[in-house]
Amino acid sequence: MSAPLDLSIVVPVYNEQENLQPLHDEITAAVRPLGKSYEVFYVDDGSADKSFEILKQIAAADPHARIIRFRRNFGQTAALACGAENAAGDVVIFLDADRQNDPADIPKLLDKMNEGFDVVSGWRHNRQDATITRLIPSIVANRLISRVTGVHLHDYGCTLKAYRRDVLKNVRLYGEMHRFIPVYARLYGARIAELKVNHRPRIAGVAKYGLGRTYKVLLDLFTVKLLTSYLTRPIHFFGGLGFILCGLGILCGIETLIVKYLTGAYVHSNPFILLAIFLFQLGILFILVGLLAEVLTRTYHESSGKPVYFIADKVNCPDGH
Ligand code: UDP
Ligand code: MG
């Protein structure tokens with residue numbers, strides 16, 4: 001890996017041939033005056049157009065540009081993960097290649113970070129995308145994510161965000177999880193700030209996502225909640241549900257008994273007996289799943305030496321302990 005730098009800008013690229021040269025010029029104009037050492041990391045996510053040729057021209061003319069090209073299209077999250085893994089900068093900034101994010105915001109993100117934050121999240125307060133298919137689902141999704149995860153941001157989906165590299169190094173990204181990086185970062189104790197950023201309409205190339213993404217975001221939210229809140233204690237999640245179900249089952253059982261002794265009706269003429277048996281069994285199963293999950297969690301943490309805590313500072317602690 002190259003020598004450590006001040007700043008890495010990571011750009012996921014999928015069929016963005018018209019945007020790349022103007023984007024690179026804008027990034028250079030925004031970053032060069034800062035006088036920092038930097039790189040612009042383009043990850044070509046299996047583009048089928050001329051994106052890679054154009055990137056090679058850019059890299060031939062500017063040694064700050066680096067390129068990694070995927071063998072096929074692996075998705076924006078994979079591209080960002082690859083960029084983050086290979087970036088040498090102390091600070092890593094993600095930026096879309098479609099020119100909707102404005103590189104002129106980069107210095108502002110860095111200023112905010114210098115106030116003592118580990119993550120600065122862009123908020124597209126003037127978002128320029130289709131209202132019905134993008135804006136409304138996104139408002140609902142953002143509110144929900146903020147509530148469920150307790151990490152309060154207005155715009156998880158905005159790619160333009162700045163991270164300290166040591167925070168990012170701890171985050172493993174799967175599927176389409178890049179919008180949840182701040183939530184994972186909080187798990188490591190990262191200090192997170194939000195900053196309003198500019199957003200511009202797409203003028204070249206086509207948007208790669210539509211309404212279909214919404215339900216995936218909801219499903220991902222379940223995973224993230226389980227992983228961030230219950231990874232070290234899954235029995236509390238499954239067992240809690242199990243207790244509730246068993247309790248409901250017992251209530252249904254009591255109802256059948258009361259009806260039997262008050263009206264003399266045999267249990268087989270009362271449908272609640274079926275519910276009682278069904279709910280109680282389901283509750284027991286949930287508790288057993290929780291126990292299995294506890295075993296899995298131990299394997300998960302111990303097989304690869306993953307810690308269950310992260311240390312910020314040590315005072316008067318001899319090394320090696
Ligand atoms: N992108 C990618 N791989 C994909 C889809 C998209 O690298 O499979 C890139 C794309 O080139 C762009 C960014 O991810 O730089 C965001 O894509 P897009 O603008 O289509 O998404 P939107 O801004 O509409 O959320
Ligand atoms: Mg876009």
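Every number for a ligand or one of its atoms is a count from 1 in the order of the listing.
Between Y230 and F237, the ring planes are tilted. Angles from 30° to 60° get that label. Ring geometry for F74 versus F70: interplanar angle over 60°, hence perpendicular rather than tilted (30 to 60°). The aromatic rings of H64 and Y38 lie parallel to each other, with less than 30° between the two planes, well short of the 60° mark.
Nearest protein heavy-atom contact of atom 20 (O) of ligand 1 is K208 N, 2.6 Å. Nearest non-hydrogen protein atom to atom 9 (C) of ligand 1 is P12 O, 3.7 Å. Summary of contacts: the protein heavy atom closest to atom 10 (C) of ligand 1 is E16 OE2, 3.2 Å. When only non-hydrogen protein atoms are considered, atom 24 (O) of ligand 1 lies nearest to R134 NH1, 3.0 Å. The protein heavy-atom contact nearest to atom 1 (N) of ligand 1 is Y14 CB, 3.7 Å. Among protein heavy atoms, atom 4 (C) of ligand 1 sits closest to D45 OD2, 3.4 Å. Protein heavy atom nearest atom 17 (O) of ligand 1, with residue, atom name and distance: Y209 CE1, 3.9 Å. For atom 19 (O) of ligand 1, the closest non-hydrogen atom on the protein side is D98 OD2, 2.5 Å.
Atoms CG and CE, on L221 and M177 in that order, are 9.0 Å from each other to the nearest 0.5 Å.
For ligand 1, the polar-atom distance check against N73 finds a nitrogen or oxygen pair separated by under 3.5 Å.
Those atoms of ligand 1 that come under 4.0 Å of a heavy atom in V13, given as number and element, are 7 (O), 11 (O). Using a 4.0 Å cut-off to heavy atoms of Q100, the atoms of ligand 1 that qualify are 19 (O), 23 (O). Using a 4.0 Å cut-off to heavy atoms of R202, the atoms of ligand 1 that qualify are 18 (P), 19 (O), 20 (O). Taking a cut-off of under 4.0 Å to the non-hydrogen atoms of G75, the atoms of ligand 1 that pass are 3 (N), 8 (O).
A salt bridge links R127 and D129; the closest N-O separation between the charged side-chain nitrogens and carboxylate oxygens is under 4.0 Å. By the 4.0 Å N-to-carboxylate-O rule, E26 lies close enough to R200 to be salt-bridged with it. Taking 4.0 Å as the cut-off between side-chain N and carboxylate O, E16 and R202 count as a salt-bridged pair.
Between the side chains of T159 and D96, at least one donor N or O lies within less than 3.5 Å of an accepting N or O. Residues S8 and E39 have side chains that bring a donor and an acceptor to within less than 3.5 angstrom of each other.
Counting only protein atoms, the N, O or S atoms lying less than 2.8 Å from the Mg ion (ligand 2) are D98 OD2, Q100 OE1, ordered by chain and residue number.
Around atom 15 (O) of ligand 1, the closest heavy atom drawn from A97, C158, S51, G157 belongs to A97.
At least one heavy atom of R213 sits under 4.0 Å from some atom of ligand 1.
Put simply, the side chain of V171 reaches to within 4.5 Å of the side chain of Y188, judged on heavy atoms.
Residues passing the side-chain hydrogen bond (donor to acceptor under 3.5 Å, both in side chains) test with K306 are S304, sequence neighbours excluded.
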Give the C-alpha distance, both sets of side-chain angles, the deciding distance and a yes or no for ring pair (Phe, Tyr, Trp, His ring centres under 6.0 Å) between F94 and H178.
CA-CA 10 Å; F94 291 159; H178 64 269; 8.2 Å; no
